[in-house]
Every structure is written in C-alpha cells, then in structure tokens.
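Here is the structure we will look at.
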Amino acid sequence: MKLNVQDTFNKQLPADPIKENTRRQVEASAFSFVTPRIPSQPEILHTSDDMLNEIGITKEESKSEQFKNIVTGAEVYPNTTPYSMCYAGHQFGNWAGQLGDGRAINLMEIVNNDKRWALQLKGAGETPYSRTADGMAVLRSSIREHLCSEAMYHLGAPTTRSLSLALTGDEVMRDVLYNGNPALEKSAVVCRTAPSFLRFGNFQIFMARQDTKNLKALVDYTIEYFYPHIKGNDKNAYIQFYKEVLDNTLDMIIHWQRVGFVHGVMNTDNMSILGLTIDYGPYGWLEGYDPDWTPNTTDASNKRYRYGNQPSVALWNLVQLGNAIYPLIEETEAMEEILDSFNKGFAKKYHFMMLDKLGIATHKEGDSKLILALQKTLRFIETDMTLFFRKLANIEKDKNEAEAIEKIKEAFYTPSDFQGEVKENWHDWFKQYLNRLQEESNTDEERKEKMNAVNPKYVLRNYMAQLAIDDANKGDYKLIDELYQLLKKPYDEQPENEKWFAKRPDWARNKVGCSMLSCSS
Ligand code: AMP
Ligand code: MG
C-alpha cells in the first residue's frame, strides 16, 4: 500500500516536548506524539468503499494485513508519526479548560487527487489528553459514527468521513445509562478522515493560555492549507478567515435543519474549523417534527442542543471562536459585524432552504407566513419529518386539500388524533399551500423531482442504527453494510428498500439507543 504522506500539521506546529504518554496539561504545543495501542485481535467489520476510493486505496489493498493493522493501530505506516491534538472547549456552555484528543490519534495526512486527508483513529488508546477515561470506544457508538458520517456525506451535508470500522478484540467497561450498572462491552476503532480535524477548541486553548505566538501559528497554518484563497497573514486576512468559518458553520447548520439532524453535543470542542459535522456521539434524527427535541439524555433538562436551538448555539460557539482569535485582530467592530451577519444570513438561507423543501421555486411575499404556518401545523399532531416532506412531493396542485392530506397521512404517528382542530389546521395549511403552488409555473412532475433532491427518503433513524448494533453484538454484521449501501443513495427511490422508508416503529419509541442516548461511548 503506497500512500502519499504529507504530515504538514506535525511538521509546522509546535510539538509537545515530553515524549512519555502521561496525562497532563500540555503547554505551548498544538499536539503530542502518541503511538496507538496494539489491539489484541483486530478485525475489520466494514470499510467505506467510497472513502477508500477518495484516498486512493484499492479494494484489494483494503483486504491486506497491512491495511487492517494500520486502521486498527496494530502497525504504524512507515515514516509517519502519529499524534493527538491539544484543544480546550466550552462544554454545555461552561469553560472546561484543556480537553484534547483523549482517544483520537491522527495517523498521518495524505494527499490524493489534490485533496488532503487526515486519517484519525478513534478509540485507539490513551493519550496525554485522556483525563480520567480509558482512550477506548465501544462498538455501538463506533457503528453509529461510521454509518452516520458516511450517510451525512451522501446527504450532501459537510462532514468528517469514516474509512473503516473494526473490532479490537478487547473489552471495555461502560455504564450506558449512567445508573450504576456498568458492564463489559466490545471495543472498536473507527478510522475517521477529514481534510483536518481542527476544532474551535484548538484555537481556544492558546487564547486561554495567552499564547498569542502559537495562536497565530495555528491560524496561519489553517489559512495556508484550508483557506488558501485568503492571502497574507495580517488582521484583514484573519477577519476574512473568521467570516468564512462563520459562513461554513452556517451552511452546515442549514443542512442539519434540512435533513432533521440533531448533533446533540455542540460543545466548542466539537465544532470543526472547516464547518464539518464532527464527533458523532448522542446524535439523532427528528422523527416526529419537534424543534424542542434532543437525543442527548445528558442534556435532557436544559435541552441546550435541541434541534431548534442549533443555529443559536452555533452562533454562541462562533462568539467563543471570536474571543479566541481576538488577540490577532483586536477590532471589535469588524468582528461584531461578522457575528451580526449570522442571524440575517441564517434567516435568509433557512427561508430558501424551506422553499426548496416545499418545492416553491419563485419567491413571493407571504412565503414566510406559509413556512411559519407549516412549522406550527406540524406540531399539532406528531408528524414524521422525513416521511412528510418526501410524500409532500406526491401531491397534485389542482386537487383539493383532502386529497393532498391523503398523500401525507402516513406521516402521522397517531392517525386517530387527526380530527377536530388538528384537521382544520391541516386543511387550512394545505389550502394556502395548494393556492401557492397554483402560482408556480412548473408541473407536478418537475416540482417532485426538485423536492426529492432535497428531501431525503432515507436517513439513519436511531432505531435503524440500533438494529445494526443489536445484530453486531450477536456477531452478525450484515446490516451494517445493508444500511451503508442504503444510505449511499438517500434521495433515490429504492423499491427493494421500501421497508426503511417508514415511521419509527412503536417498540423503538422509548428504547435505549432508539429515542435517547447518553454520552457513554
Ligand atoms: P466528546 O463529548 O465525545 O466530544 O468528548 C469530550 C472529551 O472527552 C474529548 O476530549 C474526548 O477526547 C474525551 N473522551 C471521551 N471519551 C473518552 C474516552 N473513552 N477516553 C478518553 N477520552 C475520552
Ligand atoms: Mg469531542
């Protein structure tokens, strides 16, 4: 296996001078060199053929002993020096100080087809940043990360990717519900990929330590490799950098809202500087449309990271990034102006994104009202978001409301509640919607095609991931690949996979892993 290795990060940024892998505060360094832990019996369960292709590894090579060893930590690729990154962060709104890659180890950076990819193992053992934990990851959360990162990519949302999912052959102790019932679980390693895994927290740590020299080195590095069109290394360049990070973050959130993804732990250490979805933990997908929903049990009381709050939290996190890089800019006004652009930019992009979901191609006054009314109406009766929007494309604009409702009725979780005021509200909304469609010149067919390109038919519902996890725990890994293949084409009609185009089954409503998840991973 021949890889074009170009480890710029560890060549250009300050390394931790201490070589021992001991847990500690790591000062004046962007990273520490760490060797992955040797797994006792590594076994690859799944690889993303799409990602193999991206980084230039053939199917044949991916079956080799060397590939298996590298993506599980058993072997270090020649002339590479694996490392873990130092970062800080705000967790649930509170400053948490140094966090860092507690179980993630960057293996190398490679360049293929002019694209830069960092390969990173998650769950490959202790690092100086492991704090009180073990550096390991369990199979269930690794399956969730592997499948969801690839699914997000195919949905068109910016994201880190996943190359492989493997068992280590070792077991780790976890208390899934945090209720005093720890048990042994299989441990796994995911090999994640992204142009860079840099997070807001990597910048925050240098600010917190008043280390402006290294802060500047890190920002200059990030611009050079990931925002190369920004020229110079002065205030103006940094202002532009800040604005572009904000725009990328905003675009990512628009995609999340479009597909109904709830990240669940939008701490600043989980915010990518490239605007990628990163760190798939207790994430979830909206089933019943409910802006107040969060999948994360740790956040159940405050619901800071609920679906409807993701835009505000993104902005809050961007303020923290602004504070972190402020020493390089020192122009409050310019930075405030950038921050001010978020809400306006979001409102505008959200509006057009929703019009796309509704299949409205032209813009008319009153469209905002139609969108608002829909959001309200969707909450009168538990309505499956994915099913609703996908089925909405099937209505015919010259039919009446009752006929339109027939087409989307399957999205209601309790059809018996569809009566009285609920029914009236839905009829009202469809009346407005059908009237609005009448003002559009495109045909039902044309509208449907456009809508189906933005309203996915298949998303990784929590219960689907959980089914794959349950099977995997019994040693059956087929469903992992079945879901991977399904989610590669989330917008396509896949008649053979119609069973996955369905509401969450009743048994999954309150089942662990299907409705709510803890951070235990
Ligand atoms: P997360 O909430 O998964 O983004 O993790 C927050 C912090 O905890 C990061 O610094 C992680 O590296 C660290 N962490 C999470 N799980 C483990 C683990 N099993 N071992 C070591 N560090 C961990
Ligand atoms: Mg994290």
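Atoms within each ligand, like the ligands themselves, are counted from 1 in listed order. Every value quoted in this text rests on a predicted model; they were computed, and no experiment measured them. Just so it is clear, the values below take in all heavy atoms, side chains as well, and ignore hydrogens, waters and symmetry mates.
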Would Lys478 and Asp476 pass as an ion pair if we require N to O under 4.0 Å?
yes
Can you tell me if Cys519 has a non-hydrogen atom under 4.0 Å from ligand 1?
no
Side-chain donor-acceptor contact under 3.5 Å, Asn69 with Tyr77:
no
Atoms of ligand 1, numbered as shown, that sit under 4.0 Å from any heavy atom of Leu99
10 (O)
Pairs involving residues 132-157, ordered by first then second residue, that meet ring-ring contact (aromatic ring centres under 6.0 Å, His included) (sequence neighbours left out):
His46-His146
Donor + acceptor pair across side chains of Tyr129, Ser32 (<3.5 Å):
yes
Near Tyr87 (heavy-atom distance under 4.0 Å), the atoms of ligand 1 are 9 (C), 10 (O)
Between Asp49 and Tyr484, does any side-chain donor sit less than 3.5 Å from a side-chain acceptor?
yes
Considering only non-hydrogen protein atoms, determine which one is nearest to atom 9 (C) of ligand 1 and report residue, atom name and distance to 0.1 Å.
Gly100 O, 3.6 Å
Proximity of Arg174 to ligand 1 by residue part, where a heavy atom lies under 4.0 Å
side chain
What residue and atom, counting heavy atoms only, is the protein's closest point to atom 20 (N) of ligand 1, and at what distance?
Gly135 N, 2.7 Å
When rounded to the nearest 0.5 Å, the distance separating OG1 of Thr332 from CD of Glu330 is 9.0 Å
Any N or O of Val265 that comes nearer than 3.5 Å to an N or O of ligand 1?
no
Any side-chain donor paired with an acceptor under 3.5 Å for Arg174 and Ser141?
no
Without hydrogens or angle criteria, can the side chains of Ser48 and Glu150 be said to hold a donor-acceptor pair below 3.5 Å?
yes
Shortest protein heavy-atom distance from atom 2 (O) of ligand 1, along with the residue and atom involved
Asn270 ND2, 4.2 Å
Quick one: look up the protein heavy atom nearest atom 15 (C) of ligand 1 and list residue, atom name and how far away it is.
Arg103 NE, 3.7 Å
If only atom types and distance count, is the side chain of Asn309 paired as donor or acceptor with the main-chain N or O of Arg304 below 3.5 Å?
yes
Just distances here: any N/O of Ala133 and N/O of ligand 1 closer than 3.5 Å?
no
Nearest heavy-atom neighbours spanning Glu287 and Cys514
OE1-O, 4.5 Å
min-distance protein heavy atom vs atom 5 (O) of ligand 1 -> Asp269 OD2, 4.7 Å
Using a 3.5 Å cut-off on N or O atoms only, is Asp134 in polar contact with ligand 1?
yes
Asp279, portion touching ligand 1 at heavy-atom distance under 4.0 Å:
side chain
Please determine if Tyr129 has a nitrogen or oxygen closer than 3.5 Å to a nitrogen or oxygen of ligand 1.
no
Under 2.8 Å from the Mg ion (ligand 2), the protein N, O or S atoms found are Asn270 OD1, Asp279 OD2
Nearest-contact summary for atom 12 (O) of ligand 1 - protein heavy atom, Å:
Gly102 N, 2.7 Å
Table please: side-chain donor-acceptor pairs of residues 90-102 below 3.5 Å, with sequence neighbours left out.
| from | atom 1 | to | atom 2 | distance (Å) |
| --- | --- | --- | --- | --- |
| His90 | ND1 | Gln204 | NE2 | 2.9 |
| Gln98 | OE1 | Val26 | N | 2.8 |
| Gln98 | OE1 | Arg209 | NH2 | 2.9 |
| Gln98 | NE2 | Arg24 | O | 2.8 |
| Asp101 | OD2 | Met85 | N | 2.6 |

Determine the interplanar angle of the Trp507 and Tyr463 rings, folded into 0 to 90°, and report it as parallel if under 30°, tilted if 30 to 60°, perpendicular if over 60°.
perpendicular
Does a side chain donor of either Tyr280 or Thr159 reach within less than 3.5 Å of an acceptor in the other side chain?
yes
Test your reading of the structure: does Arg131 have an N or O sitting under 3.5 Å from an N or O of ligand 1?
yes
Non-neighbouring partners of Trp500 that pass side chain to side chain donor-acceptor pair (under 3.5 Å), sequence neighbours left out
Glu482
